[in-house]
Amino acid sequence: MAQDLKSLLQDQVFAKGFVSATFSGRLKKAAAQEWEKIIVKPVLLKNVLHLQFNYFDKVKSFTKNHTGPAATTELKKLCDLPFTNIYLRHEDAGTQIQILQKGKFLVKKHAVEMKKAELDHDKTKNRLIKHSDDNAYLKILGFTDGNGNIKPSMQAKFKQINEFVKLLDNVQDWAAWDKPVHLVDCGSGNAYLTFAAFHYFQDVLKKETHMTGIDINPVLIENSNARARDLNWQNIHFEISNISSFVPATPPTIVLALHACDTATDEALMKAIQWDAEFILSVPCCHHNLQEQLRQADVDTTFKAVFRHGILRERMGDILTDSLRAALLEIMGYKTDVIQFVTTEHTARNLMIRARKVSAKPLENAVRTYQSLKDYWGITPKLEEYLLIATDLASRLS
């Protein structure tokens, strides 16, 4: 029956008037799989018709384009994944395939409103920041050329800001948000992501938005303020300040710490907790503090083979640092996950700690999880030291 489904799917997808195929749902008791949803569409690339496969999990997506036998092979692979529904859309018809247990399936067709396939590759890119709509903003930041097109040298950065805004969009149903949005960016640097966040809230969502970027580099601060003036954006400004000494005029809704180096990330997380920020988005950079502790630690024999390689020891330090940060955030009442920011194709610093305040008390099992991990490795993260001084962490751990 599995082969019958593959044949049916192949006939439908390669039929005249095919618009899309959406794979979704999961069979009960099926083995876990990575993808929540997969959408297949025809797309024209260099005047050659391809099938575009869009893969989605809970926090990210990626795309593959195939033509010829490779497209057929990729399509057949999808039939082996434990989805429960396949919805096929043609120009004048819809087909629902319900997949049952033991390889059986049901097919139901129905009429739909006429719809043509969009073969233009640019239209398949679901971007919240669009260069055609936002020319002035992107031009002043150096993203576009004289014709309004994204410069080749800025393509990776343009991808990065779009992925960042998508993650920002997913932390909350912003359509239902009826308060001003106050943001603080700790270590704003060149401020590409700072401006992107401000633009998204102010110009895309039409929310009252206030943004402050802080950095210790006076040249970067001066450049960022000049760009804000050129854009005539009144509610975004940049200040020369250390993270630890900065006091916001209004408690922030969102605190950003994007590529703050080593313990500067810990300072930003500490201040966000101290300010009682509702949301925290942090992309750590460098993890020297804990890596140095691991060099001095009496490592369990099980991990000797790992720690004899410097690069593996460093990566273990990265993983442990961000695991302990996430656990401490949960002790402070933040629902926290560590997700992929963008693929390593666009930046090597591609993990994001994303947190939302949900409780005044530690989340369930957070203290035990943190203490167990810390005790096993015999290490103390810098964030704990900061929180013991600035918050009630000591009583939460006792």
Between [X] and [Y] (side chain of the first, backbone of the second, donor and acceptor by atom type, cut-off under 3.5 Å), is there such a pair?
{"X": "Asp215", "Y": "Ile221", "value": "no"}
{"X": "Thr67", "Y": "Leu49", "value": "yes"}
{"X": "Thr253", "Y": "His182", "value": "yes"}
{"X": "Lys207", "Y": "Trp177", "value": "yes"}

Determine whether more than 12 heavy atoms belonging to other residues, nucleotides or ligands lie under 6.0 Å from atom CD1 of Ile216. no
More than 12 heavy atoms from other groups under 6.0 Å of CD on Gln96: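 Count over threshold, so yes.
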Below 4.0 angstrom, N of the basic side chain to O of the carboxylate: do Asp230 and Arg227 qualify?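 Salt bridge: no.
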Nearest 0.5 Å, what's the [atom1]-[atom2] distance between [X] and [Y]?
{"X": "Tyr87", "Y": "Ile97", "atom1": "OH", "atom2": "CD1", "answer": "11.5 Å"}
{"X": "Met352", "Y": "Ile280", "atom1": "CE", "atom2": "CD1", "answer": "12.0 Å"}
{"X": "Ile331", "Y": "Asp392", "atom1": "CD1", "atom2": "CG", "answer": "11.0 Å"}
{"X": "Lys108", "Y": "Gln98", "atom1": "NZ", "atom2": "CD", "answer": "10.0 Å"}
{"X": "Thr321", "Y": "Leu351", "atom1": "OG1", "atom2": "CG", "answer": "11.5 Å"}
{"X": "Leu329", "Y": "Leu324", "atom1": "CG", "atom2": "CG", "answer": "11.0 Å"}

With a 4.5 Å heavy-atom cut-off, do [X] and [Y] have their side chains touching?
{"X": "Val219", "Y": "Asn223", "answer": "yes"}
{"X": "Glu74", "Y": "Leu51", "answer": "no"}
{"X": "Leu138", "Y": "Met154", "answer": "no"}
{"X": "Ile99", "Y": "Leu5", "answer": "yes"}
{"X": "Phe105", "Y": "Ile86", "answer": "no"}
{"X": "Gln172", "Y": "Phe279", "answer": "yes"}

Considering residues at least two apart in sequence or located in another chain, which fulfil the salt bridge (charged side-chain N to carboxylate O under 4.0 Å, His left out) criterion with Asp92? none
Could you check whether the rings of Phe195 and Trp233 sit parallel, tilted or perpendicular, using 30° and 60° as the cut-offs? tilted
Between Phe303 and Trp377, is the side-chain contact (heavy atoms from CB on, under 4.5 Å) condition met? List the steps. CA-CA 11 Å; Phe303 288 93; Trp377 289 97; 3.8 Å; yes
Distance only, no hydrogens: is a donor on one side chain within 3.5 Å (strictly under) of an acceptor on the other, for Glu208 and His210? yes
Determine the minimum heavy-atom distance between [X] and [Y], stating which atoms define it.
{"X": "Asp276", "Y": "Lys357", "answer": "OD1-NZ, 2.7 Å"}
{"X": "Pro251", "Y": "Trp275", "answer": "CB-O, 4.1 Å"}
{"X": "Asp322", "Y": "Val338", "answer": "O-CG2, 4.4 Å"}
{"X": "Leu312", "Y": "Val306", "answer": "CB-O, 3.6 Å"}
{"X": "Arg325", "Y": "Pro284", "answer": "NH1-CB, 3.4 Å"}
{"X": "Val171", "Y": "Leu168", "answer": "CG2-O, 3.2 Å"}

Do the ring centers of His199 and Tyr192 come within less than 6.0 Å of each other? no
Close aromatic pair by centroid cut-off 6.0 Å: Phe83 and Trp35: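 Centroid distance Phe83-Trp35: not below 6.0 Å, so no.
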Before you tell me yes or no, could you show the steps for Leu183 and Phe201 under side-chain contact (heavy atoms from CB on, under 4.5 Å), namely the whole-Å CA-CA distance, both residues' side-chain angles and the distance that decides it to 0.1 Å? CA-CA 10 Å; Leu183 302 98; Phe201 282 108; 3.9 Å; yes
Could you note down all residue pairs passing salt bridge (Lys or Arg N to Asp or Glu O under 4.0 Å) where residues 363-382 supplies at least one of them, sequence neighbours left out?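 Listed by first then second residue: Lys374-Glu384, Lys382-Glu385.
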How would you list all residue pairs meeting salt bridge (Lys or Arg N to Asp or Glu O under 4.0 Å) that involve residues 170-181, not counting sequence neighbours?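 Sorted pair list: Lys179-Glu278.
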Is there a continuous path of hydrophobic side-chain contacts, each under 4.5 Å between heavy atoms, that joins [X] to [Y]?
{"X": "Leu363", "Y": "Ile273", "answer": "no"}
{"X": "Ile311", "Y": "Ile319", "answer": "no"}
{"X": "Ile389", "Y": "Leu328", "answer": "no"}
{"X": "Tyr200", "Y": "Met211", "answer": "yes"}
{"X": "Val283", "Y": "Ile254", "answer": "yes"}

May I have the list of side-chain donor-acceptor pairs in residues 9-22 shorter than 3.5 Å, sequence neighbours left out?
none

Show your working on salt bridge (Lys or Arg N to Asp or Glu O under 4.0 Å) between Asp145 and Lys151 and close with a plain yes or no. CA-CA 6 Å; Asp145 58 22; Lys151 298 174 183 176; over 6 Å; no
Show, in sequence, the C-alpha distance, side-chain angles and deciding distance for Asn232 and Gln234, and conclude whether the side chain to side chain donor-acceptor pair (under 3.5 Å) test is met. CA-CA 6 Å; Asn232 197 29; Gln234 303 296 321; 2.6 Å; yes
Residues 236-244, side-chain donor-acceptor partners within the protein, below 3.5 Å, at least two apart:
residue, atom, partner, partner atom, Å
His237, NE2, Glu239, OE2, 3.0

May I have the step-by-step check of side chain to side chain donor-acceptor pair (under 3.5 Å) for Asp185 and Thr194, ending in yes or no? CA-CA 7 Å; Asp185 187 357; Thr194 322; 2.5 Å; yes
Only pairs at least two apart or in different chains count here, so list each ring-ring contact (aromatic ring centres under 6.0 Å, His included) that has a residue in residues 313-334.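 Matches after skipping sequence neighbours: none remain.
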Stepwise, does the side-chain contact (heavy atoms from CB on, under 4.5 Å) test hold for Leu220 with Ser188? CA-CA 9 Å; Leu220 295 178; Ser188 53; over 6 Å; no
Hey, mind stepping through Leu269 and Tyr386 against side-chain contact (heavy atoms from CB on, under 4.5 Å) and telling me if it holds? CA-CA 9 Å; Leu269 294 176; Tyr386 290 151; over 6 Å; no
